[in-house]
Amino acid sequence: MEMVAEQPKSACRGAEAVLNLQPTSSVSIAYHSLFGPHDDLILLELDEKLLPDVLHHRVTLRGQPDEDAVLCTMSKTYAVKFVGTSNSVLLIPPSEQLVLCGNTQDCDEKDRVEKLVAPVIKVAPGVMELVEVAPRIDRLKMLLSENPYRFDDALMSEELDEMEKNNTRLYSWSDLNDRVQASNDELRSGLQALSAVEIDGYWRIVDENYMDGILNMLLHNLVLNDWSLNGLNETEVIGVLQSDGFPCEIAQHCLQVYGSKTDDGVWKLDEKQVCVHFARAILRGGKMRMDNFMVEWMRKIPEGMQASYDMLEGEVLTDKIGIETWVYAFDVSSLPSAPAERFSMLFRERPKWEWNDLQPYIRDLSVPGLSSEGLLLKYTRRTQPTPDAEPVFSAR
Amino acid sequence: MQIQVKCNCGEQNCPEWAIVELQGVIEPQPAFQDRLQHLEIGQLCRPSSQTYTFTVGYHELTGSKVPLKKPLLVLKKIRHADDEKVELEVIGIIRQRILFKTRPKALISRPQPVVKERVSAPGSLVPS
């Protein structure tokens, strides 16, 4: 039975002897000279399409020591799970595995004799598997909220020395990479969703009052200088805001948050962004009667802009107290991004939701492999009092 | 904390490792526990193009070469002594395995094996 196939040239026999085993041939499976637990050797199951990313160094593992690690490509995040096996998985390295052998001389002298040997370096207890997950982006908001950029920051930035900066919990892009379990693309989207801005190499969220201040200054100057809402000159606007004491990056950021670029160096103010800002500012003081709120809101909006209540989808909720309708701020961006936590908060706010009210507060949820119907099925109970009534969602 | 996954293989050149997989546990005799190096576990044969047999001690297993649904990467965890940074290096890839999942056939006329295979399923023959 032991007919030997032609011998490989290398001194160490290995995986090739198994993989290229010819019909009617045999190979001896033996313990490698370095056989052992080798806990530093890990098997990772990977989709074929992720292979190029790995081979080109575009993949990292992210997480704090006390967290479950995630694997991140440029654009996606995967949970890493160990799946054990009760089978014996004999791992056989290829013959020229210098990383294991050290150098070829360490390899078995016996193999130079005419016998094919495939040495087993380790019996693998299992395999790491990847499951695509939503990025754990809530951490980002938490970190950046530690130290929002305020009026005094603008004054202090020149005086803040290196040591102080280290103590005041400021996070650069690479600091965020270390602490937030998300891919680079997802991290960038998260920063954009928070309207974060990079100042002096650190990513910051800007305090609401500060944004209020700079927007009002911009609108004030708009009237003063007879600027057009739809044709703002970038250089002119930033110049004026700077002379009013705002740093250049903040002035630029103001345009990006409240406007959109229409042409090179030309911006127009975004009606919705501006109106929503003022609605939020008004409701910061608390619940208001709907009619009072609408009056206040219309008063605050800049000349030439139109506000409509549906702009406030996902920003406010209403309450019926007696015969009066009251309105209060309830911002979807302040809610957790993970579905279980999100639904929990929503049902804590209100035990029952109609679809039209619920939809703006869940449409940004994304879970790989779960559609929005799937999300509803998983986290809510749907009831319909009568066939022609609106369906109502409540906690499971 | 970030751990970079590196690969020095180059795109097409990831060395291919092999896996021989069987149900059950491989046990060397207690006397040999400390000197496993080079100890033969068994003979892997390929009697025909589709079948493989693996003979360990008194047992003969029959199986086949099966491509993996998803490739496995062999990663080595490297801890740099000087800066405590941990890296994962891709040192190989596995695309197929020789899988044995049938009940072993007992070969009665063999001498006392040094290494034997214990099948985890109940009711199997495990000569002492």
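Computation of the quantities below employed the complete heavy-atom set of this structure, encompassing side-chain atoms and omitting hydrogens, waters and symmetry-equivalent molecules. All chains are named by letter (A, B, ...) in the order of the sequence lines, taking the proteins before the strands, and each is independently numbered beginning at 1.
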Tell me, for [X] versus chain A, whether the close heavy atoms (under 4.5 Å) come from the side chain, the backbone, both or neither.
{"X": "I93(B)", "value": "side chain"}
{"X": "L68(B)", "value": "neither"}
{"X": "L39(B)", "value": "both"}
{"X": "Y52(B)", "value": "side chain"}
{"X": "P47(B)", "value": "backbone"}
{"X": "K65(B)", "value": "side chain"}
{"X": "V74(B)", "value": "both"}
{"X": "R79(B)", "value": "neither"}
{"X": "S49(B)", "value": "both"}

For chain B, find which of [options] contributes the most heavy-atom pairs closer than 4.5 angstrom.
{"options": "V27(A), V54(A), T85(A), V59(A)", "answer": "V27(A)"}
{"options": "L71(A), D47(A), D39(A), D175(A)", "answer": "D47(A)"}
{"options": "G36(A), A30(A), C72(A)", "answer": "A30(A)"}
{"options": "I92(A), L43(A), V120(A)", "answer": "I92(A)"}

Which of L44(B), V5(B), L72(B) touches chain A most, by non-hydrogen pairs under 4.5 Å
L44(B)
Under a 4.5 Å cutoff for heavy-atom pairs, which residue among I26(B), I94(B), L36(B) has the most contacts with chain A?
L36(B)
Those residues that, when tested against Q50(B), pass side-chain hydrogen bond (donor to acceptor under 3.5 Å, both in side chains) (two or more places apart)
none
With sequence neighbours excluded, what pairs up with T73(A) under the side-chain hydrogen bond (donor to acceptor under 3.5 Å, both in side chains) test?
none
Point-to-point distance, once rounded to the nearest 0.5 Å, from CG of L176(A) to CZ of R62(A)
10.0 Å
Salt-bridge criterion met for [X] and [Y] (N-O under 4.0 Å):
{"X": "E89(B)", "Y": "K6(B)", "answer": "no"}
{"X": "E129(A)", "Y": "K81(A)", "answer": "no"}
{"X": "R139(A)", "Y": "E67(A)", "answer": "yes"}
{"X": "K141(A)", "Y": "E146(A)", "answer": "no"}
{"X": "D40(A)", "Y": "K77(B)", "answer": "no"}

Under 4.5 Å heavy-atom distance to chain B, tell me which part of V123(A) shows up: side chain, backbone, both or neither.
neither
Heavy-atom distances under 4.5 Å only: say whether V127(A) touches chain B with side chain, backbone, both or neither.
side chain
Is the count of non-hydrogen atoms from other residues, nucleotides or ligands lying under 6.0 Å from K76(A) atom NZ greater than 12?
no
Check step by step if side chain to side chain contact (heavy atoms under 4.5 Å, CB included) holds for L99(B) and S64(B).
CA-CA 6 Å; L99(B) 177 63; S64(B) 55; 5.6 Å; no
Could you go through E21(B) and R97(B), starting from their C-alpha distance and side-chain angles, then the distance that decides it, and tell me whether this counts as salt bridge (Lys or Arg N to Asp or Glu O under 4.0 Å)?
CA-CA 7 Å; E21(B) 183 170 345; R97(B) 54 185 171 159; 2.7 Å; yes
